[in-house]
Amino acid sequence: MITLFGKPVAESIQKSVQQRADLFFKKHRRKPKLVVVLVGNDPASQIYTRKKGEAALQLGFDHETLHLLQTASPSEVRLHIEKLNNDPTVDGILIQRPLPTAFSENEVVFWVHPEKDVDAFHPINTGKLALGLPCLQPCTPTGIMALLSYYKISPAGKLVSVIGRSSIVGRPMGSLLLRADATVFQCHSKTPHLKEITNQSDIVIVAAGKMALVDDSYLKSGAVVVDVGMHRNSQNKVVGDVDFEKAQNKVSAITPVPGGVGPMTIAVLMKNTMDAAEMRVGAA
Ligand SMILES: NC(=O)c1ccc[n+]([C@@H]2O[C@H](COP(=O)([O-])OP(=O)(O)OC[C@H]3O[C@@H](n4cnc5c(N)ncnc54)[C@H](OP(=O)(O)O)[C@@H]3O)[C@@H](O)[C@H]2O)c1
């Protein structure tokens, strides 16, 4: 059984991004720049935002967090984002989620210009992804594809279950796998006989947000399991959507939580910022 650790994969992505950032600076006399827009004081969001900033600075990017008050109105925040969209020194813009309840996700996804949309949530990017066209790609599913590729696990010709259909993880994961020639079962809370489906699957990717939803009874012998979930259990330990203890004896490879998918997300965010910077100067 192989444990699919994310750290070496994330480090190899970051190393290549750092080299590209150096070259970019030599060529254009400025650093690629990522701006994170944080609205309000959600403690977890503040930690995530700080980590993104630290990663950006470490790779030689410019970084700024635009911290707006919890009471900032959607139109006020939108104006700030418009300014960032028009600022030629800004390459990537990320709106930290969750936003306060006054914001409608269906509107917010249109705010960041598709070329600076490093989260790849803009409908132009999600549409391109679904059509298999080149675009900025969502961080977590792209990170999972990189992780599989690093460990030489090809989804081509395989039956793959994706549990979850969120716009952030499940749905784009399905699109990327389809593009990679997998046959995809896109499962969700209304899927009947989930176990029967996952039991046929060569690869099972679990992004349901339900602690220990999947145990060995969901898995066929030798399956590859990717656990996207992140929770704190009653002992305050970080755990996933998969019962690792039970699953590990049946699978051929599995991601740990923490330390599997988690490190991939930030690494791909940095890669996306670098891609956005290069695409923008290339287009200028
Ligand atoms: N490691 C990372 O970097 C990272 C990044 C993003 C997310 N996450 C974690 O990944 C998990 C999923 O995130 P998300 O944003 O995709 O969550 P989400 O928006 O809550 O979506 C969960 C999806 O799972 C489906 N689902 C829920 N219960 C199910 C069940 N019992 N059987 C089958 N499907 C079920 C839901 O179906 P319906 O659509 O029918 O409701 C939904 O599509 C969370 O634990 C989150 O913290 C981790």
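When a ligand or atom number is given, it counts from 1 through the structure's own listing order.
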Residue, atom name and distance, where the atom is the protein heavy atom closest to [atom]:
{"atom": "atom 13 (O) of ligand 1", "value": "Val169 CG2, 4.3 Å"}
{"atom": "atom 2 (C) of ligand 1", "value": "Thr265 OG1, 3.8 Å"}
{"atom": "atom 20 (O) of ligand 1", "value": "Ala208 O, 4.6 Å"}
{"atom": "atom 34 (N) of ligand 1", "value": "His188 C, 3.1 Å"}
{"atom": "atom 5 (C) of ligand 1", "value": "Thr140 OG1, 3.4 Å"}
{"atom": "atom 47 (O) of ligand 1", "value": "Met230 O, 3.9 Å"}
{"atom": "atom 36 (C) of ligand 1", "value": "Ser189 N, 4.2 Å"}
{"atom": "atom 31 (N) of ligand 1", "value": "Leu213 CD1, 3.6 Å"}

Below 4.0 Å from any atom of ligand 1, is there a heavy atom belonging to [X]?
{"X": "Ala207", "value": "yes"}
{"X": "Cys187", "value": "no"}
{"X": "Thr191", "value": "no"}

Do [X] and [Y] come close enough that some side-chain heavy atom pair is under 4.5 Å?
{"X": "Phe24", "Y": "Val281", "answer": "yes"}
{"X": "Ile254", "Y": "Val224", "answer": "no"}
{"X": "Ile144", "Y": "Met264", "answer": "no"}
{"X": "Pro138", "Y": "Leu129", "answer": "yes"}
{"X": "Ser201", "Y": "Val160", "answer": "no"}
{"X": "Val242", "Y": "Leu213", "answer": "no"}

Considering only heavy atoms of [X], which atoms of ligand 1 have at least one such atom less than 4.0 Å away?
{"X": "Val228", "value": "1 (N), 8 (N), 9 (C), 10 (O), 48 (C)"}
{"X": "Gly262", "value": "1 (N)"}
{"X": "Ile163", "value": "33 (C), 34 (N)"}

Would you call Asp275 and Lys271 a salt bridge, taking side-chain N to carboxylate O under 4.0 Å as the test?
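Salt bridge present between Asp275 and Lys271.
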
Check Asp62 with Arg30, please: is the shortest side-chain N to carboxylate O separation under 4.0 Å?
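Here Arg30 does not pair with Asp62 in a salt bridge, since their nearest N and O are not under 4.0 Å apart.
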
Nearest option to [atom], as decided by whichever heavy atom of [options] sits closest:
{"atom": "atom 42 (C) of ligand 1", "options": "Arg165, Lys190, Met173", "result": "Arg165"}
{"atom": "atom 32 (N) of ligand 1", "options": "Ile168, Val239, Leu194", "result": "Leu194"}
{"atom": "atom 28 (N) of ligand 1", "options": "Lys210, Arg171, Met211", "result": "Lys210"}

State whether Phe25 and Arg29 meet the cation-pi test: NZ (Lys) or CZ (Arg) under 6.0 Å from the six-membered ring centroid, and within 45° of the perpendicular axis.
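Yes, a cation-pi geometry holds between Arg29 and Phe25.
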
Per-residue contact class, His231 against ligand 1 - non-hydrogen pairs under 4.0 Å:
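Just the side chain.
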
Within the structure, does Ser166 bring an N/O atom to less than 3.5 angstrom of an N/O atom in ligand 1?
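Yes, Ser166 has an N/O under 3.5 Å of an N/O on ligand 1.
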
Any luck finding a side-chain donor-acceptor pair between Thr198 and Ser161 under 3.5 Å?
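No, no side-chain donor-acceptor pair sits under 3.5 Å.
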
Please check if atom NZ in Lys51 has more than 12 non-hydrogen atoms from other residues, nucleotides or ligands closer than 6.0 Å.
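Count not over threshold, so no.
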
Can you name the one residue among Lys116, Arg280, Lys33 that meets side-chain hydrogen bond (donor to acceptor under 3.5 Å, both in side chains) with Asp91?
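Option passing the side-chain hydrogen bond (donor to acceptor under 3.5 Å, both in side chains) with Asp91: Arg280.
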
